[in-house]
Structure formats: C-alpha cells, structure tokens
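Working notes, structure below.
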Number of protein chains: 2
Amino acid sequence: MSSYKEKKVISIGIVSELTGLSLRKIRYYEERGLLSPGRTGKGGRKYSFDDVETLMKIAERREEGVQTAEIKKELNKEKTKQKIRDEMIKGQLNAHFRMRK
Amino acid sequence: MSSYKEKKVISIGIVSELTGLSLRKIRYYEERGLLSPGRTGKGGRKYSFDDVETLMKIAERREEGVQTAEIKKELNKEKTKQKIRDEMIKGQLNAHFRMRK
DNA sequence: CGTGTAAGGAATTCTGACACG
DNA sequence: CGTGTAAGGAATTCTGACACG
C-alpha cells in the first residue's frame with residue numbers, strides 16, 4: 001500500500017538540495033496547490049520522494065514559461081490517469097482471483 | 001544504482017518517530033558502528049529507509065537482550081550475504097548478454 | 001554497557017509582509 | 001504572477017559530560 005516513494009519524511013531543506021529549488025519556490029508551489037506535503041506535529045513540512053519528483057516536473061514546466069495554474073491542471077490530469085491505471089490493475093487481479101476460486 | 005531506499009534524506013527526529021527509538025539510542029548505535037548515516041553540510045545526520053529498517057532490526061535484537069557488538073556482527077554478515085547475492089545476479093546478467101552478442 | 005538528561009550553541013524552519021514587476 | 005529578502009520566534013539537532021549500574 002504505502003511504499004517508500006509516498007512516505008512523507010523529507011524536510012524542506014533536503015528537498016531544496018534534491019531539486020535545486022529555493023525554499024520560497026517550494027512553499028509557493030504548495031500555496032498554489034501543486035503539491036501537499038505532510039506536517040510534523042509543530043508545523044514542519046515533510047515531503048515524499050514522489051513530491052520531489054513532482055517538484056522537478058514543476059521546475060521543468062516553469063522554465064518553459066508555463067504558469068502554476070496551468071501546471072496544476074497538468075498534474076491533476078496525470079494523477080487521474082494514474083488512478084485509472086491502478087484501478088485497471090486491481091480489476092485484473094480481482095478477475096484473476098475470482099477465476100481461481 | 002541508487003534507489004530511494006538507499007538515499008540519505010531523513011532527519012533524526014523523523015527516524016525517531018518511524019522507529020520508536022530515542023534520539024540517544026539512534027546516535028549510540030551509530031557510535032558503536034551499527035549504521036552510518038550521512039551528514040548535511042553543517043553536521044545534521046541524514047538517514048535512508050534502509051537505515052530505518054536496520055534500526056528496527058537492532059531494536060528487536062536489543063529487546064532480546066543481544067549486545068550491540070553482537071548485533072553489529074550479525075548486520076555485517078547480512079551485508080556480506082547481500083553482496084554475494086548481488087554479484088550472482090550481476091554474473092547471470094553478464095552471462096546472458098555475452099550469449100546474446 | 002546502554003540509556004537518560006540538562007546545557008549551551010548552532011542551524012533549520014515557520015509565518016506574514018514588503019518589494020519588484 | 002512568481003520570487004527574493006529581512007524579521008522575530010519557535011523547534012531541531014549537535015556535542016561532550018555526568019549519572020546509574
């Protein structure tokens with residue numbers, strides 16, 4: 001279910017090193033709803049490797065001059081596609097096990 | 001080569017939450033050579049998910065009353081075994097590609 | 001041996017705001 | 001719109017040491 005890629009465990013400083021983005025940019029993209037880091041008990045942001053990958057995609061698109069609102073839509077589309085893929089796999093597995101019973 | 005499991009990106013506070021171990025214990029096991037976290041520029045420790053797993057194994061063994069020196073030997077043995085496995089796989093791959101050429 | 005804790009300092013992160021554009 | 005920066009405060013982490021056992 002929850003793989004390492006999805007676990008929110010990386011602090012913003014490390015994410016900044018990993019992506020080359022400033023803390024300001026990382027926080028701003030969150031403000032615009034492009035990603036949702038977790039939070040520690042006292043407010044510290046926690047990111048997953050998935051978040052880091054998302055940020056790298058954002059950086060690419062920004063360099064191409066794309067605005068955050070547009071990038072947000074693109075990311076949502078990707079997420080939807082991924083969900084459909086996941087459900088198809090789940091469906092296949094269910095069909096498989098129904099047959100074996 | 002370097003998967004997410006091996007990337008040193010988690011701070012000690014998060015590792016403490018993930019493992020249930022105190023900061024003191026985590027640092028002590030390092031002092032005894034049972035694991036080697038990375039370091040940020042200014043001295044902060046950085047752990048990988050692999051390190052987190054190692055710490056959980058250590059916690060189990062400690063609960064059984066095993067001393068750190070003994071646990072260290074066990075971990076080294078595991079590491080050696082893993083290395084041998086990795087090399088066998090590499091060997092198989094090499095053999096395979098030699099055949100296909 | 002393994003772990004807790006108080007101590008002082010350094011580095012990190014947070015938020016809200018002003019600036020420029 | 002997107003990003004930098006200075007500001008003040010709070011939370012994190014570091015090291016070396018003393019304590020107990």
Side-chain angles (χ1 to χ4, degrees), chain A residues 7-76, chain B residues 7-76:
Chain A
K7 278 218 147 183
K8 309 269 189 182
V9 297
I10 314 177
S11 64
I12 195 168
I14 302 283
V15 170
S16 174
E17 285 179 15
L18 256 29
T19 60
L21 296 169
S22 67
L23 305 189
R24 183 67 167 97
K25 285 178 179 175
I26 296 171
R27 294 191 190 114
Y28 181 69
Y29 300 148
E30 173 188 356
E31 189 183 320
R32 305 313 314 243
L34 310 207
L35 73 164
S36 310
R39 291 280 181 161
T40 66
K42 301 109 182 187
R45 270 167 266 251
K46 298 186 297 184
Y47 301 83
S48 65
F49 282 112
D50 264 352
D51 290 331
V52 171
E53 289 189 6
T54 297
L55 283 166
M56 292 173 64
K57 281 182 206 163
I58 293 170
E60 271 185 44
R61 298 299 279 146
R62 282 294 301 132
E63 278 173 33
E64 294 164 6
V66 183
Q67 295 200 333
T68 56
E70 176 59 24
I71 299 175
K72 182 176 176 178
K73 287 182 205 162
E74 295 173 3
L75 291 173
N76 284 335
Chain B
K7 278 219 148 184
K8 309 269 190 180
V9 296
I10 315 175
S11 65
I12 195 167
I14 302 284
V15 170
S16 174
E17 284 178 18
L18 257 29
T19 60
L21 296 169
S22 67
L23 305 188
R24 183 67 167 97
K25 284 179 180 175
I26 297 170
R27 294 190 189 114
Y28 181 69
Y29 299 147
E30 173 188 357
E31 189 183 321
R32 305 312 315 243
L34 310 208
L35 75 164
S36 309
R39 292 279 181 160
T40 66
K42 302 110 181 184
R45 268 166 266 250
K46 297 185 297 183
Y47 300 83
S48 64
F49 282 113
D50 264 352
D51 290 331
V52 171
E53 288 190 7
T54 298
L55 282 167
M56 291 173 66
K57 280 182 205 163
I58 293 171
E60 272 186 43
R61 298 299 280 146
R62 281 295 302 133
E63 277 172 34
E64 295 165 4
V66 183
Q67 296 200 331
T68 56
E70 176 60 23
I71 300 175
K72 182 176 179 180
K73 287 182 206 162
E74 295 173 2
L75 292 174
N76 283 336

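Order of the sequence lines sets the chain letters (A, B, ...), proteins ahead of strands, with each chain counted from 1. Treat the numbers as computed from the prediction; the structure is a model and nothing was measured.
In this structure, CD1 of B:Ile26 is placed 10 Å from P of C:dG4, rounded to the nearest angstrom. In this structure, the CG atom of A:Leu55 is 12 Å from the P atom of D:dT3, given to the nearest Å. Atom CD in A:Glu70 sits about 16 Å away from atom C1' in D:dG2, given to the nearest Å. One interatomic measurement links the two molecules: CD of A:Glu63 to P of D:dG2, which rounds to 15 Å at whole-angstrom precision. When the C1' atom of D:dG2 is taken as reference, atom CG of A:Leu34 falls 12 Å away, rounded to whole Å. Spacing between atom CD of A:Glu31 and atom C1' of D:dG2 amounts to 10 Å, rounded to whole angstrom units.
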Contact list (N/O, under 3.5 angstrom) for nucleotides 5-9 of chain C vs protein:
from, atom 1, to, atom 2, distance (Å)
C:dT5, O4, B:Arg24, NE, 3.3

Detail all sub-3.5 Å separations between protein N/O atoms and N/O atoms belonging to nucleotides 12-14 of chain C.
from, atom 1, to, atom 2, distance (Å)
C:dT12, OP1, B:Lys42, NZ, 3.3
C:dT12, OP2, B:Lys42, NZ, 3.2
C:dT13, OP1, A:Ser11, OG, 3.0
C:dT13, OP1, A:Gly13, N, 3.1
C:dT13, OP2, A:Gly13, N, 3.4
C:dC14, OP1, A:Arg45, N, 2.9
C:dC14, OP1, A:Arg45, NE, 2.9
C:dC14, OP2, A:Arg27, NE, 3.1
C:dC14, OP2, A:Arg27, NH2, 3.0

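Atom-to-atom distance recorded for A:Asn76:CG and A:Ile71:CD1 is 12.0 Å, nearest 0.5 angstrom. In this structure, A:Asp51 CG and A:Glu53 CD are separated by 10.0 Å, a value rounded to the nearest 0.5 Å. With rounding to the nearest 0.5 angstrom, the CZ atom of A:Arg24 is 10.5 Å from the OH atom of A:Tyr29. Rounding to the nearest 0.5 Å places CD1 of A:Ile26 at 5.0 Å from CD1 of A:Ile12.
Judged by distance alone, with hydrogens and angles left aside, the side-chain atoms of A:Arg61 form no donor-acceptor pair with the main-chain N or O of A:Gly65 at under 3.5 Å.
Contact annotation: B:Tyr28 does not reach the phosphate of C:dT3 (side-chain N/O to OP1 or OP2, under 4.0 Å). Put simply, B:Tyr29 has a side-chain N or O that comes within less than 4.0 Å of OP1 or OP2 on C:dT3.
Partners of B:Glu60 according to the salt bridge (Lys or Arg N to Asp or Glu O under 4.0 Å) rule, which considers only residues two or more places apart in sequence or in another chain, do not exist here. Not counting sequence neighbours, B:Lys72 has no partner by the salt bridge (Lys or Arg N to Asp or Glu O under 4.0 Å) test.
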Could you pull out every donor-acceptor pair under 3.5 Å between side chains of residues 31-46 of chain B and any protein atom, sequence neighbours left out?
from, atom 1, to, atom 2, distance (Å)
B:Arg32, NH1, B:Tyr28, OH, 3.4
B:Arg39, NH1, B:Gly43, O, 2.6
B:Thr40, OG1, B:Gly44, N, 2.9
B:Arg45, NH1, B:Glu30, OE1, 2.9

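The closest side-chain heavy-atom distance from B:Tyr47 to B:Ile14 is not below 4.5 Å. The shortest side-chain heavy-atom distance between A:Val66 and A:Glu74 falls under the 4.5 Å cut-off. Proximity of B:Ser48 to B:Lys7: side-chain heavy atoms (C-beta onward) are nowhere separated by under 4.5 Å.
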**Prompt:** Under a cut-off of 3.5 Å for both distances of each Watson-Crick or G-U pair, what dot-bracket string does DNA chain C give, using [ ] for crossing pairs and | for inter-strand pairs?
**Reply:** .||||.||.|.|.||.||||.
